[in-house]
Amino acid sequence: MNQRIAHIALVVSDYDEAIDFYTRKLHFDLIEDTRLSETKRWVLVAPQGQGSDGCRLLLAQAATKEQKSRVGNQTGGRVFLFMHTDDFTRDYQNLLDQEIRIVREPSVEAYGTVAVFEDLYGNLWDLIEPIKL
């Protein structure tokens, strides 16, 4: 059996502001932006250098009242997404330079160096440089 998670849907308020945040502030690549209807688009972003078979974020604009209530709180306040990096110092400095809110300052843990930050809607992310074995 060969399975993998291809995309994770992230409910957003607005396609364009989300694309701007992820591509300009986090330096993700815009993989696809296809209009499906008058109000719906298929928008995929991914961290640079991830390769073609890595998991991507599907930016899904909230369309209903219930979906809008989930923007920024898809996991009830827990860390939602975990981004590994090969250079914690570089990427943490980028978060500071882009004035992205740091929720928990860097710390060294058994698994690596980690800090928690918020995306533009308040979803929590771990930035992690795993310990090299």
Side-chain angles (χ1 to χ4, degrees):
M1 182 182 298
N2 183 6
Q3 298 176 332
R4 65 184 173 86
I5 295 175
H7 314 306
I8 295 175
L10 181 65
V11 182
V12 301
S13 292
D14 179 82
Y15 288 118
D16 294 321
E17 75 179 2
I19 290 168
D20 182 65
F21 176 84
Y22 285 102
T23 61
R24 193 174 54 80
K25 292 195 174 214
L26 291 184
H27 307 291
F28 281 25
D29 291 326
L30 177 61
I31 305 300
E32 184 175 350
D33 183 358
T34 302
R35 183 166 297 283
L36 301 176
S37 72
E38 183 82 21
T39 59
K40 190 171 182 178
R41 290 157 58 183
W42 182 262
V43 178
L44 293 173
V45 296
Q48 290 182 356
Q50 181 165 281
S52 62
D53 62 350
C55 186
R56 279 99 186 263
L57 286 181
L58 172 65
L59 303 179
Q61 186 169 295
T64 67
K65 182 178 178 180
E66 183 177 4
Q67 290 173 8
K68 289 175 183 175
S69 76
R70 301 303 194 270
V71 172
N73 192 21
Q74 292 186 201
T75 59
R78 296 208 37 140
V79 171
F80 178 42
L81 298 162
F82 301 80
M83 184 166 56
H84 283 195
T85 177
D86 63 348
D87 187 336
F88 183 89
T89 301
R90 174 198 65 216
D91 292 338
Y92 183 74
Q93 186 60 52
N94 179 66
L95 296 176
L96 297 175
D97 292 346
Q98 297 297 331
E99 299 179 352
I100 293 172
R101 183 170 179 265
I102 304 301
V103 175
R104 191 178 60 171
E105 295 294 323
S107 62
V108 177
E109 305 296 336
Y111 53 86
T113 304
V114 61
V116 179
F117 69 94
E118 281 185 350
D119 68 15
L120 75 163
Y121 298 115
N123 294 299
L124 299 181
W125 289 65
D126 269 2
L127 173 66
I128 303 169
E129 182 175 356
I131 289 183
K132 294 171 182 66
L133 301 177

Over all atoms of both residues, closest heavy-atom pair of [X] and [Y]:
X    : Y    : result
M83  : F117 : CE-CZ, 4.1 Å
V11  : A62  : CG1-CB, 3.7 Å
Q67  : A63  : OE1-N, 2.7 Å
E109 : I131 : O-CD1, 3.9 Å
A18  : L59  : CB-CD1, 3.9 Å
G49  : D29  : N-OD2, 4.4 Å

Find the distance between [atom1] ([X]) and [atom2] ([Y]) and round it off to the nearest 0.5 Å.
X   : Y   : atom1 : atom2 : answer
R90 : H27 : CZ    : NE2   : 9.5 Å
Q98 : K25 : CD    : NZ    : 5.5 Å
Q50 : C55 : CD    : SG    : 7.0 Å

According to a 4.5 Å side-chain heavy-atom criterion applied to Ile, Leu, Val, Met, Phe, Trp and Tyr, with indirect links allowed, do [X] and [Y] form part of one hydrophobic cluster?
X   : Y    : result
L26 : I102 : yes
L58 : V71  : no
L81 : I19  : yes

Does the side-chain contact (heavy atoms from CB on, under 4.5 Å) test come out yes or no for L95 and W125, once each step is laid out?
CA-CA 12 Å; L95 296 176; W125 289 65; over 6 Å; no
Who passes side chain to side chain contact (heavy atoms under 4.5 Å, CB included) against [X], sequence neighbours left out?
X   : value
A60 : none
D91 : T85, L127
Q93 : L96, D97

For Y15, check ring pair (Phe, Tyr, Trp, His ring centres under 6.0 Å) against everything at least two apart and list the hits.
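Checked Y15 against ring pair (Phe, Tyr, Trp, His ring centres under 6.0 Å); zero matches.
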May I have the step-by-step check of side chain to side chain donor-acceptor pair (under 3.5 Å) for Q74 and Y121, ending in yes or no?
CA-CA 10 Å; Q74 292 186 201; Y121 298 115; over 6 Å; no
More than 12 non-hydrogen atoms from neighbouring residues, nucleotides or ligands closer than 6.0 Å to CZ on R78, yes or no?
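Incorrect, the count does not exceed 12.
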How about L36: does its CG atom have over 12 heavy atoms from other parts shown lying under 6.0 Å from it?
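Yes, the 6.0 Å shell around CG holds more than 12 heavy atoms from other groups.
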May I ask you to test the I8-F80 pair for a side-chain heavy-atom distance under 4.5 Å?
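Touching, per the 4.5 Å side-chain cut-off.
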Within the 4.5 Å heavy-atom criterion, are D14 and Q61 side-chain neighbours or not?
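Touching, per the 4.5 Å side-chain cut-off.
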In sequence, state the C-alpha distance, the side-chain angles, and the governing distance for F28 and R56, and then conclude on side-chain contact (heavy atoms from CB on, under 4.5 Å).
CA-CA 10 Å; F28 281 25; R56 279 99 186 263; over 6 Å; no
Determine whether L10 and D119 satisfy the following criterion, side-chain contact (heavy atoms from CB on, under 4.5 Å), listing intermediate values before the conclusion.
CA-CA 11 Å; L10 181 65; D119 68 15; 4.1 Å; yes
Verdict with supporting geometry, T89 and T113, side-chain contact (heavy atoms from CB on, under 4.5 Å)
CA-CA 10 Å; T89 301; T113 304; over 6 Å; no
Give me the other members of the hydrophobic cluster that V103 sits in, counting Ile, Leu, Val, Met, Phe, Trp and Tyr linked by side-chain heavy atoms under 4.5 Å, directly or via other members.
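Result for V103 is V79, F82, Y111, V114, V116, L124, I128.
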Is there a side chain to side chain donor-acceptor pair (under 3.5 Å) between E66 and T64 once you walk through the steps?
CA-CA 5 Å; E66 183 177 4; T64 67; 5.5 Å; no
Atom pairs and distances, side-chain donor-acceptor, residues 38-45, under 3.5 Å, sequence neighbours left out:
unit_1, atom_1, unit_2, atom_2, d
R41, NE, D33, OD1, 3.0
R41, NH1, D16, OD1, 3.3
R41, NH2, D16, OD1, 3.0
R41, NH2, D33, OD1, 3.4
R41, NH2, D33, OD2, 2.7

